[in-house]
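The first residue in the sequence is number 1, and the count goes up from there. Indexing begins at 1, ligand by ligand and atom by atom, following the structure's order. All of these numbers come straight from a predicted model, not from anything done at the bench. Hydrogens, waters and symmetry mates are skipped; everything else that's a heavy atom, side chains included, is used.
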Amino acid sequence: MSDSISDKLYTIRYKCDDVSHLIIKERDHCLKCVKKDCNYFCPSDVYDWDKKQKLTTVAYENCIECGTCRIACPYDNIDWVYPKGGYGITYKYG
Ligand code: SF4
Ligand code: SF4
């Protein structure tokens with residue numbers, strides 16, 4: 001029996017809203033942010049730095065609602081709320 005993170009993530013089911021519950025507040029902060037920390041701390045790879053457009057993309061559909069980005073962005077630049085009722089993740093136990 002395997003218990004890798006990718007195996008655990010596979011047991012999560014999503015119901016996606018068509019509106020993001022994760023908002024980047026200020027694009028300018030991301031331009032100044034040297035390490036682009038969000039590209040590394042999110043376990044679901046929600047954030048990615050688009051070098052061409054010079055902005056942080058947000059694949060909110062993949063969010064597992066761990067809350068890390070609420071506290072880990074060095075610029076406090078991510079507006080984080082839970083998805084609206086009925087949307088988001090459900091965990092499958094057992
Ligand atoms: S860590 Fe915060 S400021 Fe830095 S790129 Fe990500 S959202 Fe922008
Ligand atoms: S709450 Fe967790 S999974 Fe969702 S975007 Fe933030 S760090 Fe990623």
Side-chain angles (χ1 to χ4, degrees):
M1 184 184 200
S2 175
D3 58 355
S4 71
I5 287 180
S6 56
D7 285 337
K8 286 183 187 303
L9 288 174
Y10 190 69
T11 66
I12 295 170
R13 299 288 174 264
Y14 301 85
K15 185 177 177 196
C16 294
D17 197 350
D18 49 10
V19 178
S20 178
H21 63 290
L22 305 164
I23 306 291
I24 303 291
K25 296 179 195 169
E26 297 285 344
R27 184 181 171 187
D28 285 354
H29 289 327
C30 296
L31 285 167
K32 285 184 284 186
C33 180
V34 176
K35 293 184 184 165
K36 314 290 189 246
D37 307 51
C38 58
N39 290 211
Y40 305 100
F41 61 60
C42 174
S44 294
D45 290 334
V46 166
Y47 301 102
D48 193 34
W49 178 248
D50 184 326
K51 287 183 188 155
K52 211 168 173 182
Q53 297 188 75
K54 297 193 183 307
L55 54 78
T56 299
T57 60
V58 183
Y60 70 94
E61 306 90 339
N62 296 338
C63 175
I64 59 168
E65 301 165 30
C66 73
T68 304
C69 57
R70 187 167 47 170
I71 56 170
C73 168
Y75 288 86
D76 188 22
N77 198 31
I78 299 170
D79 198 5
W80 190 99
V81 293
Y82 281 109
K84 278 191 304 213
Y87 292 100
I89 58 167
T90 54
Y91 291 97
K92 193 174 95 184
Y93 298 101

Linked, directly or transitively: Val46 and Trp80 (ILVMFWY side chains, under 4.5 Å) = yes
Ile24 heavy atoms within 4.0 Å reach ligand 1 at atoms 7 (S)
Taking both backbone and side-chain atoms into account, decide whether Cys42 has an N/O/S atom under 2.8 Å from atom 8 (Fe) of ligand 2.
-> yes
Ligand 2 atoms nearer than 4.0 angstrom to some heavy atom of Leu22 are 5 (S)
Does Tyr75 have a heavy atom less than 4.0 Å from any atom of ligand 1?
-> yes
For Pro74, the ligand 1 atoms whose distance to one of its heavy atoms is below 4.0 Å = 1 (S)
Please report which non-hydrogen protein atom sits nearest to atom 8 (Fe) of ligand 1, along with the residue it belongs to and the distance in Å to one decimal place.
-> Cys30 SG, 2.4 Å
Element-labelled atoms of ligand 2 that are located less than 4.0 Å from some non-hydrogen atom of Ile64 = 3 (S), 4 (Fe)
Sub-4.0 Å heavy-atom approach of Tyr60 to ligand 2 = no
What distance separates Thr56 OG1 from Arg27 CZ, expressed to the nearest 0.5 Å?
-> 9.5 Å
Among protein heavy atoms, which lies nearest atom 4 (Fe) of ligand 1, and at what distance?
-> Cys33 SG, 2.4 Å
Would you mind checking which non-hydrogen protein atom is closest to atom 2 (Fe) of ligand 1, with the distance to 0.1 Å?
-> Cys73 SG, 2.3 Å
re atom 1 (S) of ligand 1, the protein heavy-atom contact at minimum distance is Cys38 N, 3.5 Å
For ligand 2, which atoms, with element, lie under 4.0 Å from some heavy atom of Trp80?
-> 1 (S), 6 (Fe)
Hey, are the side chains of Cys42 and Cys69 touching, using non-hydrogen atoms and a 4.5 Å cut-off?
-> no
Hey, which atoms in ligand 1 end up nearer than 4.0 Å to a heavy atom of Asp37?
-> 1 (S)
Are Tyr82 and Val58 connected in the hydrophobic side-chain network, where two residues link if heavy atoms are under 4.5 Å apart?
-> yes
Taking the six-membered ring for Trp and the single ring otherwise, decide whether the centroids of Trp49 and Tyr47 are under 6.0 Å apart.
-> no
Answer yes or no: is there a side-chain heavy-atom contact under 4.5 Å between Asn77 and Ile24?
-> yes
dist Asp76:CG -> Glu26:CD (nearest 0.5 Å) comes out at 11.5 Å
Counting from 1, what ligand 1 atoms have a heavy atom of Ile78 closer than 4.0 Å?
-> 7 (S)
Can you tell which of Thr56, Leu55, Leu31 gets a heavy atom nearest to atom 5 (S) of ligand 1?
-> Thr56
When you measure from atom 6 (Fe) of ligand 2 to every protein heavy atom, which one gives the shortest distance, and what is it?
-> Cys69 SG, 2.4 Å
How long is the span from the CD1 atom in Ile78 to the OG1 atom in Thr68, to the nearest 0.5 Å?
-> 10.0 Å
SB check Lys25 Asp79 (cutoff 4.0 Å) = no
For the residue pair Tyr75 and His29, does the interplanar ring angle fall in the parallel (under 30°), tilted (30 to 60°) or perpendicular (over 60°) class?
-> parallel
Over 12 non-hydrogen atoms of neighbours within 6.0 angstrom of NZ in Lys35 = no
Atom indices of ligand 2 within 4.0 angstrom of Gly67 heavy atoms, with elements | 1 (S), 2 (Fe)
